[in-house]
Amino acid sequence: EIPILRALRGERHVHIDDIEVLKGEVRLPLRINASPITDSEGKIKFAIAVLEDITEIKKNERVLLQLNSELETIFRNAPTGIILLGSNGIIIQWNKQAEVIFGWEAEEVLGKYFYDVIFPQNYVKENLFVIKQFFQSDGKETDNRTVELPARKRDDGRIDIGINVSLTRINEENCYIVFISDITERKKIEETLNSKTAQLIEAQRVANIGSWEWDPVNNQVYRSDELCRIYGATREQLSNGIEQKFVHPADKAYVNKVMQKALADHSPFNLFFRIIRPDGSERILNSKAKVYTNDQGEAVRLVGTSQDVTDAKKSEQELLKAKQIAEQSLVLKETFLANMSHEIRTPMNAIIGFTDILIKRKLHPQEMEYVQIIKNSGENLLRIINDILDISKIEADMIVFEEHPLSIKEIFKSLHSMMLQKAKEKELELIYKAEEDVPDVLLGDPTRITQILINLTGNSIKFTKRGKVEVTA
């Protein structure tokens with residue numbers, strides 16, 4: 001009904017918020033308020049009506065509805081978890097990404113306390129103050145800080161989240177907008193990185209290797225803790241460029257030359273130099289570095305390591321000294337053995353020579369046996385002397401193998417005569433046999449071959465209890 005007629009019938013306040021009337025061919029939205037006017041006796045004399053054109057208001061409402069719809073779409077589909085809480089921490093809204101992060105659908109969590117849903121119970125008990133600092137009910141705005149906290153999923157799996165809370169007002173009441181991001185993978189990467197960094201630091205400490213990086217353009221240097229320890233200085237003491245002031249005065253020119261060459265031709269370097277620590281102690285460092293350039297071919301970064309090799313260098317020098325002493329000892333031993341062998345050979349040769357003379361004479365059989373024993377013993381002793389001298393030559397790396405024409409068959413004949421007596425003493429048969437296809441003349445060292453065959457035959461006779469010893473070629 002027309003509002004003014006309703007007022008004339010006695011309605012005290014008639015309010016119609018939305019009514020359309022035609023204005024020409026345009027529908028005009030109006031807001032109408034109508035009231036009756038009475039006389040002194042209370043009878044209605046007439047009514048008045050106020051008409052308000054609400055075209056702009058309606059337009060703004062439509063814009064607001066569209067905006068709310070778009071905001072709702074953004075809220076639901078945002079790549080970040082967004083949760084709307086009442087001032088008491090009750091969940092009012094829960095977007096799709098929150099469902100993805102925690103596994104709960106919105107219908108399962110609406111109306112529940114936020115911290116009861118996502119925080120493990122043991123964490124809530126131990127760290128309730130951390131949570132409550134974000135959900136203050138006194139109406140004061142939070143500081144929009146992001147805090148990393150452990151959280152739980154629907155399947156009770158543990159995740160790490162970054163949480164940020166902002167205070168807002170909806171329908172004249174305080175509400176909290178909670179932004180959630182899943183940082184589980186990032187935390188794993190950080191833990192791995194921290195672990196690797198700790199391992200690298202420990203490896204540098206154990207190996208006495210410090211790392212450094214130099215920006216020659218801005219003269220800025222990064223130094224590891226181990227590098228500072230190697231230099232025995234604080235970071236402040238090492239603050240001015242490359243640590244030239246600690247380099248030994250005698251090595252400064254060399255170090256500067258290497259550094260300038262590396263900067264000029266961009267070549268890596270590997271140098272040894274000495275430093276003098278603030279406490280006056282001297283150390284030897286091995287520094288290695290690689291040069292990095294920009295697109296214009298300019299050196300912009302040097303990355304390297306410096307290792308304290310003082311102890312290694314001292315050990316190296318001690319080993320070198322010990323080697324020299326050992327070599328000198330070998331030379332002395334060789335000289336001593338050579339002299340001794342000469343001193344022993346002279347009388348032994350005389351003894352063997354006189355036994356040869358005696359053997360040629362007509363001696364009693366028993367006397368002949370005694371002379372033969374003396375000769376064999378002398379020859380054995382002479383071979384022992386030669387073996388000792390050869391061993392010393394081998395140790396000193398001085399032995400030389402000669403090349404002369406030789407006959408294996410002749411060597412076998414000589415050895416058979418030489419070793420037969422030993423074999424007879426053990427009632428063994430001794431055979432030296434050269435195959436028909438063995439050449440009559442070969443090239444080699446007859447003395448060494450004879451020595452080797454004597455030793456092999458002697459050992460064979462020594463360790464053979466019965467039967468025969470046969471040497472074939």
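Throughout, numbering of the chain's residues begins at 1 and tracks the sequence.
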Taking side chain to side chain donor-acceptor pair (under 3.5 Å) as the definition, give me every residue that meets it alongside [X], ordered by chain and number, with sequence neighbours left out.
X	value
N459	none
T80	none
H404	E402
N270	N286

Do side-chain atoms of [X] reach the backbone of [Y] as a donor and acceptor pair under 3.5 angstrom?
X	Y	answer
D251	R274	yes
S281	R277	no
N256	K252	yes
T310	I284	yes
T293	E298	no

| Which side-chain hydrogen bond (donor to acceptor under 3.5 Å, both in side chains) pairs, counting each pair once, include a residue from residues 92-110, with sequence neighbours left out? |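 Qualifying pairs, neighbours excluded: E108-R154.
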Under the salt bridge (charged side-chain N to carboxylate O under 4.0 Å, His left out) test, which residues partner [X], sequence neighbours left out?
X	value
R31	D17, E52
R12	none
K188	E185
K323	E327

| message | If the threshold is 4.0 Å, N to carboxylate O, is there a salt bridge linking R186 and E190? | response |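 Salt bridge present between R186 and E190.
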| Would R229 and E226 pass as an ion pair if we require N to O under 4.0 Å? |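 Judged by the 4.0 Å cut-off on N to carboxylate O distance, R229 and E226 do form a salt bridge.
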| said: Could you check whether atom CD of E282 has more than 12 heavy atoms from other residues, nucleotides or ligands sitting under 6.0 Å from it? | reply: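 Atom CD in E282 is packed in, count exceeds 12.
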| task | Using the test side-chain contact (heavy atoms from CB on, under 4.5 Å), find all partners of Q324 that sit at least two apart in sequence or belong to another chain. | result |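 Testing Q324 for side-chain contact (heavy atoms from CB on, under 4.5 Å), a comparison that skips the adjacent residues, returns L320.
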| query | So which pairs with a foot in residues 254-264 pass salt bridge (charged side-chain N to carboxylate O under 4.0 Å, His left out), sequence neighbours left out? | reply |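 Non-adjacent pairs meeting salt bridge (charged side-chain N to carboxylate O under 4.0 Å, His left out): K261-D265.
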| field | Sequence neighbours excluded, every pair satisfying ring pair (Phe, Tyr, Trp, His ring centres under 6.0 Å) that has a member inside residues 260-314 | value |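 Listed once each, the pairs would be none.
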